[in-house]
Amino acid sequence: MASCPHPPHDETGHTWHHPDSILFDYTKLGGKKTLAKQGVDFQSGMPGFGNELTDAQIWNILAFIKSTWPDRQREVQAARSEAEQQKRGD
């Protein structure tokens with residue numbers, strides 16, 4: 001099976017389309033477990049890094065990735081994160 005290139009984390013990729021909680025879970029748990037939490041059965045190639053990175057380190061990595069995005073993508077992603085927090089009642 002051929003390997004697909006990983007999507008970039010810049011504005012041309014889809015990382016910024018997701019709220020913070022999904023980005024965090026995807027990084028900590030991996031793609032398969034994160035999607036399973038949402039009721040989706042999918043074989044994701046994204047491994048979880050929860051055994052190698054602390055929560056603080058994951059948040060720092062995500063902050064760095066987001067710092068490279070143009071203003072529009074940061075604003076859209078921040079609004080999605082806020083809307084999800086309100087939905088969950090955080």
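Heavy atoms only, all atoms of each residue included: Ser67 and Phe64 are closest at OG-O, 2.6 Å. Nearest heavy-atom pair across Lys66 and Arg74 is O-CD, 3.1 Å. Across all non-hydrogen atoms, the minimal contact from Ser44 to Tyr26 is OG-OH, 3.3 Å. A pairwise comparison of heavy atoms in Leu62 and Thr27 identifies CD2-OG1, 4.0 Å as the closest pair.
In the hydrophobic clustering of this structure, Leu29 does not group with Leu53; members are Ile, Leu, Val, Met, Phe, Trp, Tyr whose side-chain heavy atoms approach within less than 4.5 Å, directly or through other members. Under the 4.5 Å side-chain heavy-atom criterion for grouping Ile, Leu, Val, Met, Phe, Trp and Tyr, Met46 is connected to Leu35 within one hydrophobic cluster. Residues Trp59 and Phe49 share a hydrophobic cluster, clusters being chains of Ile/Leu/Val/Met/Phe/Trp/Tyr side chains in contact below 4.5 Å.
Rounding to the nearest 0.5 Å places OG of Ser21 at 9.5 Å from NZ of Lys87. To the nearest 0.5 Å, atom CG of residue Leu23 and atom OG1 of residue Thr34 are 10.0 Å apart.
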*asked:* Please evaluate residues Gln77 and Ser81 with respect to the criterion side chain to side chain donor-acceptor pair (under 3.5 Å), reporting the C-alpha separation (whole Å), side-chain torsions for both, the decisive distance (0.1 Å), and the verdict.
replied: CA-CA 6 Å; Gln77 194 274 336; Ser81 293; 3.1 Å; yes
*Stepwise side chain to side chain contact (heavy atoms under 4.5 Å, CB included) check, His18 with Arg80*: CA-CA 7 Å; His18 303 289; Arg80 288 179 179 167; over 6 Å; no
*For side chain to side chain contact (heavy atoms under 4.5 Å, CB included), just list the numbers for Ile65 and Trp16, CA-CA rounded to whole Å, side-chain angles, deciding distance to a tenth of an Å, and then say yes or no.*
CA-CA 9 Å; Ile65 290 170; Trp16 63 271; over 6 Å; no
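Between Glu84 and Arg88, at least one side-chain N (NZ, or NE/NH1/NH2) sits under 4.0 Å from a carboxylate O, which counts as a salt bridge.
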